[in-house]
Amino acid sequence: MSQGDLYALRQDYHHRIVRDVLRLTSSGVPNNADLGSKSSVSISKGIVERLGGEVPEGSLAGQTAGGRFEAATKDFLAAAFDRLRHLRPGEWEFSLGGNIGDYQQYQHLHAIRRAIDDNSELRVVFGDYIVKPDIVVCRRPVHDAEIDRNATLLGDAPVAQLTPLRHANSETPLLHASVSCKWTIRSDRSQNARTEGLNLMRNRKGSTPHIVVVIGEPLPARIASIALGTGDIDCVYHFALQELRASVRGSDLELLKVLVEGQRLRDISDLPFDLAT
């Protein structure tokens, strides 16, 4: 039975994380585990065992591990999404970081930001509107020649003169997805992605982009802190959900089942397809 390109891309993604992101302490504990939680340590060890490969010993600064996790995830998503081009044609770009004000739905935020920067009272009232996603997926506007490639849809008629998808109307890319990456989840950090999601929805002019979170956290209870609930995040994606499910037991497995069956947690291999919808 053929395993397909997506399986190979997922394996390559995991090999890169094992090499660049994962580290083991001298006692063999992975760096995405909470040393104070026996369940977290046990589950993270199970995931590492199922991923295979030789994990280096040592330590990485949290920011370094997070940045490498983002880069590996971006490259996986771009490669996998490219295989789905026949399902979602267009000129797509995957990039790290960025400012949502640079995209069609949020251009007006630059003007708001300038006004806030010039007025301390406004800064107190409105705070910071500008969300800076870890990974940005955008679509470039389409030229008329491409739109009329199979049939003369536009011609020279005065139609579709406002839609930003048409390059003749706007050259600014459209934000298609905002991806937040968290190698681990701690209770005080789990709400950041929710706040960013709410800002993306409230401050847009036009369609809402996909708002998703990719995580490496092993403990189901902490995953639940960001995955449960609806309205601010589309869905949470684990970098190794199959390996996670095979590594948990008891109440942790029941909670994981609730998250998966409740459509709040999926595997990283599901995300390219969800971005294509």
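Because the structure is a prediction, the values reported are computed rather than measured.
Distance check: Cys138 SG to Ile100 CD1 gives 13.5 Å after rounding to the nearest 0.5 Å. Atom OG1 in Thr163 sits 8.0 Å away from atom CD1 in Ile147 (nearest 0.5 Å). Distance check, rounded to the nearest 0.5 Å: CD1 of Ile215 to CZ of Phe239 gives 9.5 Å. The CD1 atom of Ile185 lies 5.0 Å from the CD1 atom of Ile226; values are rounded to the nearest 0.5 Å. A distance of 5.0 Å separates CD of Gln107 from CD of Gln104, quoted to the nearest 0.5 Å. One finds the CZ atom of Arg88 at 7.5 Å from the OG1 atom of Thr277 (value rounded to the nearest 0.5 Å).
Within a 6.0 Å sphere centred on CD of Gln263, other residues, nucleotides and ligands contribute 12 heavy atoms or fewer. The local environment of NE2 in His143 is sparse, with at most 12 non-hydrogen atoms from other residues, nucleotides or ligands closer than 6.0 Å. Within a 6.0 Å radius of CZ in Arg19, more than 12 heavy atoms belonging to other residues, nucleotides or ligands are found.
Hydrophobic clustering (side-chain heavy atoms under 4.5 Å, transitive across Ile, Leu, Val, Met, Phe, Trp, Tyr) keeps Tyr7 apart from Leu51. When hydrophobic clusters are built by joining Ile, Leu, Val, Met, Phe, Trp and Tyr residues whose side-chain heavy atoms come closer than 4.5 Å, directly or via intermediates, Leu60 is not grouped with Val48. Hydrophobic clustering (ILVMFWY, side-chain heavy atoms < 4.5 Å, transitive): Val212 and Leu96 are in one cluster. Val258 and Leu253 sit in two unconnected hydrophobic clusters of ILVMFWY residues. Membership requires side-chain heavy atoms under 4.5 Å apart, directly or through other members. By the criterion of side-chain heavy atoms lying less than 4.5 angstrom apart, applied directly or through intervening Ile, Leu, Val, Met, Phe, Trp or Tyr residues, Val29 is not grouped with Phe69; the two fall into different hydrophobic clusters.
Residues Glu217 and Lys182 are not paired through a salt bridge, judged by the lack of any N-O separation under 4.0 Å between the basic side chain and the carboxylate. We find that Arg83 and Asp5 are joined by a salt bridge, their nearest charged nitrogen and carboxylate oxygen being less than 4.0 Å apart. One finds no salt bridge joining Lys257 and Glu254 here, because no Lys/Arg side-chain nitrogen approaches an Asp/Glu carboxylate oxygen to under 4.0 Å. Using a 4.0 Å cut-off between charged nitrogen and carboxylate oxygen, Arg10 and Glu243 count as a salt-bridge pair.
Nearest approach of Gln105 to Leu175, heavy atoms of both residues: NE2-O, 2.8 Å. Asn169 and Ala160 make their closest contact through ND2-O, 2.9 Å (heavy atoms, listed as atom of the first residue, atom of the second, distance). Residue Ala33 comes nearest to Pro218 through the heavy atom pair CA-CG, 4.4 Å, listed as atom of the first residue, atom of the second, then distance. Across all their heavy atoms, Ala80 and Pro272 have their closest contact at CB-CG, 3.5 Å. Listed here is the closest heavy atom pair of Arg266 and Asp270: CB-OD2, 3.5 Å. Scanning both residues, Thr172 and Asp102, for their nearest heavy atoms gives CG2-O, 3.5 Å.
A 4.5 Å side-chain heavy-atom check between Pro30 and Leu24 finds at least one atom pair inside the cut-off. Annotation: side chain of Ile268 is not in contact with side chain of Leu241 (no heavy-atom distance under 4.5 Å). Looking at heavy atoms from C-beta onward, Trp183 lies in side-chain contact with Leu22 at the 4.5 angstrom threshold. Taking 4.5 Å as the limit, every side-chain heavy atom of Val41 sits out of range of all side-chain heavy atoms of Lys38.
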Is there a side chain to side chain contact (heavy atoms under 4.5 Å, CB included) between Val137 and His210 once you walk through the steps? CA-CA 9 Å; Val137 184; His210 292 275; over 6 Å; no
What do the steps show when you test Ile135 against Val214 for side chain to side chain contact (heavy atoms under 4.5 Å, CB included), and what is the final call? CA-CA 10 Å; Ile135 300 172; Val214 177; over 6 Å; no
Going through the distances and angles, do Phe76 and Ile17 end up as a side chain to side chain contact (heavy atoms under 4.5 Å, CB included)? CA-CA 11 Å; Phe76 166 79; Ile17 287 178; over 6 Å; no
Evaluate side chain to side chain contact (heavy atoms under 4.5 Å, CB included) for Leu228 paired with Leu259, printing each intermediate quantity in order. CA-CA 7 Å; Leu228 285 178; Leu259 296 175; 3.5 Å; yes
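For the 3.5 Å distance criterion, the side chains of Ser269 and Tyr237 fail to qualify, holding no donor opposite an acceptor. If you check the side chains of Ser37 and Ser39, you find no donor sitting under 3.5 Å from an acceptor. When only modelled atom types and interatomic distance are considered, Glu196 and Ser178 share no side-chain donor-acceptor pair under 3.5 Å.
A donor-acceptor pair under 3.5 Å is absent between the side-chain atoms of Asp252 and the main chain of Pro220, judged by distance alone. Checking side-chain atoms of Ser40 against main-chain N and O of Asp34 turns up a donor-acceptor pair under 3.5 Å. A donor-acceptor pair is defined here as one N or O able to donate and one able to accept, closer than 3.5 Å; no such pair exists between the side chain of Asn31 and the backbone of Ser59. In this structure, Asp20 contributes its side chain and Arg68 its backbone to no donor-acceptor pair below 3.5 Å. Remark: the backbone N or O of Asp267 is not paired with any side-chain donor or acceptor of Gln242 at under 3.5 angstrom. Of the possible donor and acceptor atoms, one in the side chain of Arg85 sits under 3.5 Å from a partner among the backbone N and O of Gly90. In this structure, the side chain of Asn32 does not engage the main chain of Thr184 through any donor-acceptor pair within 3.5 Å. Under a 3.5 Å cut-off, the side chain of Tyr106 and the backbone N or O of Leu200 do form a donor-acceptor pair. Side-chain atoms of Arg50 come within 3.5 Å of backbone N or O of Gly46 as a donor-acceptor pair. Checking side-chain atoms of Arg204 against main-chain N and O of Met201 turns up a donor-acceptor pair under 3.5 Å.
With sequence neighbours excluded, the residues that form a ring pair (Phe, Tyr, Trp, His ring centres under 6.0 Å) with Phe94 are Phe81.
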Show the atom names and distances, to 0.1 Å, of all donor-acceptor pairs under 3.5 Å that link a side chain in residues 229-236 to residues at least two apart or in another chain.
{"residue": "Asp232", "atom": "OD1", "partner": "Arg194", "partner atom": "NH1", "Å": "3.2"}
{"residue": "Asp232", "atom": "OD2", "partner": "Arg194", "partner atom": "NH1", "Å": "3.3"}
{"residue": "Asp234", "atom": "OD2", "partner": "Ile211", "partner atom": "N", "Å": "3.0"}

